[in-house]
Amino acid sequence: MGAMGAAEPLRSVLWVKRQRCAVSLEPGRALLRWWRSPGPGAGAPGADACCVPVSEIITVEEAEVRGKHHPSGRWQKMEKPHAFTVHCVKRARQHRWKWAQVTFWSADEQLCHLWLQTLRELLEKLTSRPKHLLVFINPFGGKGQGKRIYERKVAPLFTLAAISTEVIVTERANQAQEALYEMNLDKYDGVVCVGGDGMFSEVLHGLIGRTQRSAGVDQNHPRAALAPIALRIGIIPAGSTDCVCYSTVGTNDAETSALHIVVGDSLPMDVSSVHHNSTLLRYWVSLLGYGFYGDIIEDSERKRWMGLIRYDVAGVKTFLSHHCYEGTVSFLPAQHTVGSPRDGKPCRAGCFVCRQSKQQLEEEQKAALYGLGDAEEVEEWQVVCGKFLAINATNMSCACPRSPRGLSPAAHLGDGSCDLILIRKCSRFNFLRFLVRHRNQDDQFDFTFVEVYRVKRFHFTSKHAEGEDGDLQERAKQRFGPLCSDSPACCRSAAKSSWNCDGELLHSPAIEVRVHCQLVRLFARGIEEEPKREAHS
């Protein structure tokens, strides 16, 4: 076989298991392919051809050919077998990735070395892959399986990919956040959190706070332009809630998440800030909920002794209580976005909406810099007043196994906006109809009492915060109202609720929310469209 030019494909006849195969590597397309070729010559690939992008090869190593691995039977004709193994990603059902290995054999030692050298050279050019990672493990979250999951499913993949790690098993709340403020992070390519959404939130707050401090940005200023985070964040799901992982990868499988980290995927994601009286309260990336979801998290916190079932118990109790809350929501529509909450276009890998919306937002900001004034000052704010069962804001779909499409199926991860969902006062029966649609394919916004807006900023002030007490007497009259009546008595006014901010409680009745476009990047690529049928031998 002649020497391979820089862009010429490498093609050989090798053995895979007990089959004679044609194997090709096309540097231009960065694609490794192989297919059965029983006759002389390579032949053309058929429908059963297997392929793997070089970007999804974990590593390539020389295979052991002695002892139990030595070929037998018809393989005895191969006097001195040589082999190399390709470790790669294999797609499974429901967006899961699996670690797969394919071993190629040949009697030609030089040929095997050529394949090894060529594949390794291509892998070395993949500069987005991490080499040094800082790992935080929450040993208490979920069912307390974080350390075990990391050691069994994640660490072996990091070792295989020659990724060095520094592992910190946290012993108390906020330890990861505090450590990120103090540690020297220059030697790391990313930070990995093993746990649930709470652990991710700790790492997020630590990295954002550290970055703003270094950049001299005042986080307490609601209009501050935050400096983007340099280090990517990896999420290994091992908690009671893993909404962020499910919405960015499509599954809560630890091996899948680890493989996304290994291959160096990068996904930009919006982060929103919550302020009260020019004081930063928290950052959030998935859900900010007042009323129904705020009451659930507040009640579940009092039932932590019940374990994960506390969320179900709190949900039923909150639904039966059926409290509504009076207040005012004012918001700035996200005119820069090229999508809308009801366009039926979910955020997917390589999302066009996120890409285009980011460009549109940058053009708005440039226009403001060149003397056209502050775009937000000339845009028109909208105001909605009333009594609400729930006020939800989502930066992403908030999909999870119980709600596969999420609270806002068409919300986008990096378009510089959030979807603001207002559920006005209605009967229990109608509210139940709305909740049920989170579990099916029907349009959950197709109700007269539901409004949804795509916004880049919003303010909320409860009636209680305006100095009025709300209808407290009505709240005390009865424990539960009529179950299915459409009468106003079915919804009882309450003084104020709390905010569910990515699973953490905020008690402020007046807040200001701002979306920061693509402030962080995750080791993820977004949810892929259903993969084409692939098979690895």
Item to check | pair Val249-His95: side-chain heavy atoms closer than 4.5 Å | outcome: no
Next on the checklist: To the closest 0.5 Å, what do you measure between OG (Ser286) and CE (Met396)?
Outcome noted: 5.5 Å
Checklist entry - Are the side chain of Ser201 and the backbone N or O of Gly198 linked by a donor-acceptor pair below 3.5 Å? => result no
Next on the checklist: Strictly distance-based, threshold 3.5 Å: is any side-chain N or O of Ser403 a donor or acceptor partner for the main-chain N or O of His438?
Outcome noted: yes
Checklist entry - Are any of the side-chain heavy atoms of Phe158 and Tyr150 separated by less than 4.5 Å? => result yes
Checklist entry - Counting N and O atoms only, with roles assigned by atom type, does the side chain of Asn500 sit under 3.5 Å from a partner on the main chain of Ile297, one being a donor and the other an acceptor? => result no
Next on the checklist: Under a 3.5 Å distance rule, please check whether Thr256 uses its side chain to pair with a backbone N or O of Trp97 as donor and acceptor.
Outcome noted: yes
Next on the checklist: If you apply the rule salt bridge (charged side-chain N to carboxylate O under 4.0 Å, His left out), what do you find for Lys131 with Asp189, and how did you get there?
Outcome noted: CA-CA 7 Å; Lys131 297 296 182 186; Asp189 303 312; over 6 Å; no
Checklist entry - Could you give the distance from CD (Glu62) to NE2 (His113), rounded to the nearest 0.5 Å? => result 4.0 Å
Next on the checklist: Quick one: does any side-chain atom of Arg521 pair with a main-chain N or O of Ala230 as donor and acceptor, under 3.5 Å?
Outcome noted: yes
Next on the checklist: Tell me whether Asp312 is salt-bridged to Arg402, with the criterion being a basic N under 4.0 Å from an acidic carboxylate O.
Outcome noted: yes
Checklist entry - Looking just at side-chain N and O atoms, do His260 and Asp265 make a donor-acceptor pair shorter than 3.5 Å? => result yes
Next on the checklist: For a quick test of reading the model, state the closest non-hydrogen atom pair linking Asp197 to Cys243 and the distance between them.
Outcome noted: OD2-N, 3.0 Å
Item to check | Candidate pair Leu207 and Leu185, rule side chain to side chain contact (heavy atoms under 4.5 Å, CB included), full reasoning | outcome: CA-CA 10 Å; Leu207 286 176; Leu185 302 178; 4.0 Å; yes
Checklist entry - Got a sec, which residues hit side chain to side chain contact (heavy atoms under 4.5 Å, CB included) with Lys147, two or more places apart in sequence or on another chain? => result Ile137, Glu151, Val169
Item to check | Any Leu288 side-chain heavy atom under 4.5 Å of Tyr293 side chain | outcome: no
Checklist entry - Using a distance-only test with no angle check, is there a side-chain donor-acceptor pair under 3.5 angstrom linking Trp15 and Ser106? => result no
Item to check | Atom of Ser12, atom of Leu111 and distance for their closest heavy-atom approach | outcome: OG-CD1, 3.4 Å
Checklist entry - What heavy-atom pair brings Leu361 and Cys517 nearest, and what distance separates the two atoms? => result CD2-CB, 3.5 Å
Item to check | Atom pair OG (Ser408) and CG (Leu287), whose distance is rounded to the nearest 0.5 Å | outcome: 11.0 Å
Item to check | Mutual orientation of the aromatic rings belonging to Phe84 and Phe104 [parallel < 30°, tilted 30-60°, perpendicular > 60°] | outcome: parallel
Next on the checklist: One thing to verify: whether Asp253 and Arg96 come together as a salt bridge, which I'm taking to mean a side-chain N less than 4.0 angstrom from a carboxylate O.
Outcome noted: yes
Next on the checklist: Assess the residue pair Val154 and Val194 against the criterion (side chain to side chain contact (heavy atoms under 4.5 Å, CB included)); give the C-alpha distance rounded to whole Å, side-chain angles, the decisive distance to 0.1 Å, and a yes or no.
Outcome noted: CA-CA 10 Å; Val154 181; Val194 184; 6.0 Å; no
Checklist entry - Cut-off 3.5 Å, side chains only: do Gln117 and Glu121 have a donor facing an acceptor? => result yes
Next on the checklist: Any heavy-atom pair between the side chains of Trp35 and Ser24 that's under 4.5 Å?
Outcome noted: yes
Checklist entry - Under a 4.5 Å cut-off applied to non-hydrogen side-chain atoms, are Phe136 and Val203 in contact? => result yes
Next on the checklist: Treating Thr170 as the side-chain partner and Arg172 as the backbone partner, does any N or O pair qualify as donor plus acceptor under 3.5 Å?
Outcome noted: no
Next on the checklist: When you compare the side chains of His82 and Trp105, does any donor N or O come within less than 3.5 Å of an acceptor on the partner?
Outcome noted: no
Next on the checklist: Checking Phe523 against Val262 for the side chain to side chain contact (heavy atoms under 4.5 Å, CB included) test, could you report, in this order, the C-alpha distance in whole Å, the side-chain angles of both residues, the deciding distance, and whether it holds?
Outcome noted: CA-CA 9 Å; Phe523 283 108; Val262 165; over 6 Å; no
Item to check | Backbone N/O of Gly416 and side chain of Asp270: donor-acceptor pair under 3.5 Å | outcome: yes
Next on the checklist: Any side-chain to backbone donor/acceptor pair from Asn174 onto Gln177? Under 3.5 Å, distance only.
Outcome noted: no
Item to check | Val60 side chain reached by Thr85 side chain, heavy atoms, under 4.5 Å | outcome: no
Checklist entry - What are the two closest non-hydrogen atoms of Trp284 and Asp502, and how far apart are they? => result CA-OD2, 3.2 Å
Checklist entry - Quick check: does any side chain N or O of Ser397 sit under 3.5 Å from a backbone N or O of Ala399, one acting as donor and the other as acceptor? => result yes
Checklist entry - What are the two closest non-hydrogen atoms of Asp415 and His336, and how far apart are they? => result O-NE2, 2.8 Å
Next on the checklist: Per the side chain to side chain donor-acceptor pair (under 3.5 Å) rule, what does the pair list look like for residues 338-358, sequence neighbours excluded?
Outcome noted: Arg342-Asp443
Checklist entry - So, Glu61 and Arg120, do they make that salt bridge, N to O below 4.0 Å? => result no
Checklist entry - Side chains of His87 and Trp99: closer than 4.5 Å at any heavy-atom pair? => result yes
Checklist entry - How far does OG1 of Thr394 sit from NE2 of His412, to the nearest 0.5 angstrom? => result 10.5 Å
Checklist entry - Around atom CZ of Arg439, are there more than 12 heavy atoms of other residues, nucleotides or ligands at under 6.0 Å? => result no
Checklist entry - Rounded to the nearest 0.5 Å, how far does CG of Asp442 lie from CZ of Arg437? => result 5.0 Å
Item to check | Gln94, CD: over 12 other non-hydrogen atoms inside 6.0 angstrom | outcome: no
Checklist entry - So, do Asn440 and Val436 sit near enough that their side-chain heavy atoms are less than 4.5 Å apart? => result yes
Checklist outcome for this item: Nearest heavy-atom contact between Val515 and Ser272 is CG2-OG, 3.4 Å
Checklist entry - Just by modelled atom types, is the Leu522 backbone N or O under 3.5 Å from a matching donor or acceptor in the Arg232 side chain? => result no
Checklist entry - Do other residues, nucleotides or ligands put more than 12 heavy atoms under 6.0 Å from Lys187 NZ? => result no
Item to check | Spacing of CZ belonging to Arg33 relative to SG belonging to Cys21, to within rounding of 0.5 Å | outcome: 13.0 Å
Checklist entry - So, Arg210 and Glu182, do they make that salt bridge, N to O below 4.0 Å? => result no
Checklist entry - Where do Glu364 and Lys456 land on the side chain to side chain contact (heavy atoms under 4.5 Å, CB included) test, with the steps shown first? => result CA-CA 13 Å; Glu364 279 187 13; Lys456 57 184 178 182; 3.0 Å; yes
Checklist entry - Among Val191, Leu204, Ile208, Leu231, which residue meets the side chain to side chain contact (heavy atoms under 4.5 Å, CB included) test with Leu180? => result Val191
